[in-house]
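See structure below.
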Amino acid sequence: MKKLLVANWKMNKTQKEVADFFLEFKKSFSEKRDAWIAPQTLHLEMALSLTKSHVKIGAQNCSEFLNGAYTGEISPASLKDLGGHFVILGHSERRQYFSETSKGLNAKVRSAISQNLKVIYCVGETLTEREAGQTLSLIEDQLHQGLNDMSIANTENLIIAYEPVWAIGTGKTATPAQAQEVHAHIRQVLHHKFPAFGKMLRILYGGSVKTDNVEELLGQKDIDGGLVGGASLKAKDFLALCGDK
Ligand code: PEP
């Protein structure tokens, strides 16, 4: 399977900046690696109209409810209807600022998968948790709670992003060995949870991925790609991460 680079643009970019990004990106993107992009919800339709099928577009969050009286929420059914391909769930910023918990996220994950959206489910430890030696058990809990009581129909339904909270937007990156250790553990847990497909699910690393560390990280056995914030905002940088200099 090709390595996958997912751009998380968070709450950034004007419409003009979105248009300029795609103009530049499309000129050089060679599909050596898979590239998915999650713009702000307000820019989803525009991004979909500016890309062809070779770049997949998705959202940074969605509701557990399919539709109804839930003011301000993002319907996974409408996201699918619009042409969205995937949704990122459980990003540490959502856990930190919007009180999302793994238990609560379980309903969102199941709802998105029911709509045939691919789910990128994020897990990761804080620095305090790492220093207390809790990384592996904490991540196991996040996986068990967030992915409780569900099945997957193929290797494409679900992607895990391991994002150590202390490495997101800080310029600090987990060493390739630190990341590989956690990824190998995640793979084991997935294998037990989903015996048919678990071993083949993609596991992305996220946390200050940049052009100067991407190759070493992606060279690790269990790292199938990256979830990228800051370095995905400029087309030139994201192209480089996708292997297109
Ligand atoms: C992220 O927000 O998922 C992320 C990994 O951000 P950054 O690449 O900026 O650390």
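All ligand and atom numbering here is 1-based and tracks the order in the structure.
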Can you sort out which atoms of ligand 1 are near [X], meaning under 4.0 Å from one of its heavy atoms?
| X | result |
| --- | --- |
| Asn8 | 2 (O), 3 (O) |
| Gly207 | 5 (C), 10 (O) |
| Ile168 | 1 (C), 2 (O), 4 (C), 6 (O), 10 (O) |
| Gly230 | 7 (P), 8 (O), 9 (O) |
| Lys10 | 1 (C), 2 (O), 6 (O) |

Would you mind telling me which of Arg187, Arg33, Arg202 makes a salt bridge (charged side-chain N to carboxylate O under 4.0 Å, His left out) with Asp224?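 By the salt bridge (charged side-chain N to carboxylate O under 4.0 Å, His left out) criterion, Asp224 pairs with just one of Arg187, Arg33, Arg202: Arg187.
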Report the residue from Glu73, His91, Lys108 that forms a side chain to side chain donor-acceptor pair (under 3.5 Å) with Asn61.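 Going through the options one by one, the only one that passes is Lys108.
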So, regarding Gly169 and ligand 1 (criterion: nitrogen or oxygen to nitrogen or oxygen, under 3.5 Å), is there a contact or not?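 Min N/O separation from ligand 1 is below 3.5 Å for Gly169.
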Donor-acceptor pair, distance only, cut-off 3.5 Å: does the side chain of [X] make one with the backbone of [Y]?
| X | Y | value |
| --- | --- | --- |
| Lys13 | Val18 | no |
| Gln180 | Asp222 | yes |
| Tyr205 | Ala174 | yes |

Check this for me: Lys26, atom NZ, are more than 12 non-hydrogen atoms of other residues, nucleotides or ligands nearer than 6.0 Å?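 Counting neighbours around NZ of Lys26, more than 12 heavy atoms of other residues, nucleotides or ligands fall under 6.0 Å, so yes.
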Do other residues, nucleotides or ligands put more than 12 heavy atoms under 6.0 Å from Gln134 CD?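 Yes, CD of Gln134 has more than 12 neighbouring heavy atoms, counting only those of other groups under 6.0 Å.
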If we set the cut-off at 4.0 Å for heavy atoms, which region of Ala167 has an atom near ligand 1: side chain, backbone, both, or neither?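 Near ligand 1, Ala167 shows its backbone, while the atoms from C-beta on stay back.
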Please report which non-hydrogen protein atom sits nearest to atom 3 (O) of ligand 1, along with the residue it belongs to and the distance in Å to one decimal place.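 For this ligand atom, the closest protein heavy atom is Glu163 OE2, 2.7 Å.
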What's the shortest distance from atom 1 (C) of ligand 1 to any protein heavy atom, and which residue and atom give it?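 Ranked first by proximity to atom 1 (C) of ligand 1 is His91 NE2, 3.2 Å.
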Going by the closest heavy atom to atom 6 (O) of ligand 1, which one wins out of Gly229, Ser232, Ala231, Gly124?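 Residue with the shortest heavy-atom distance to the ligand atom: Gly229.
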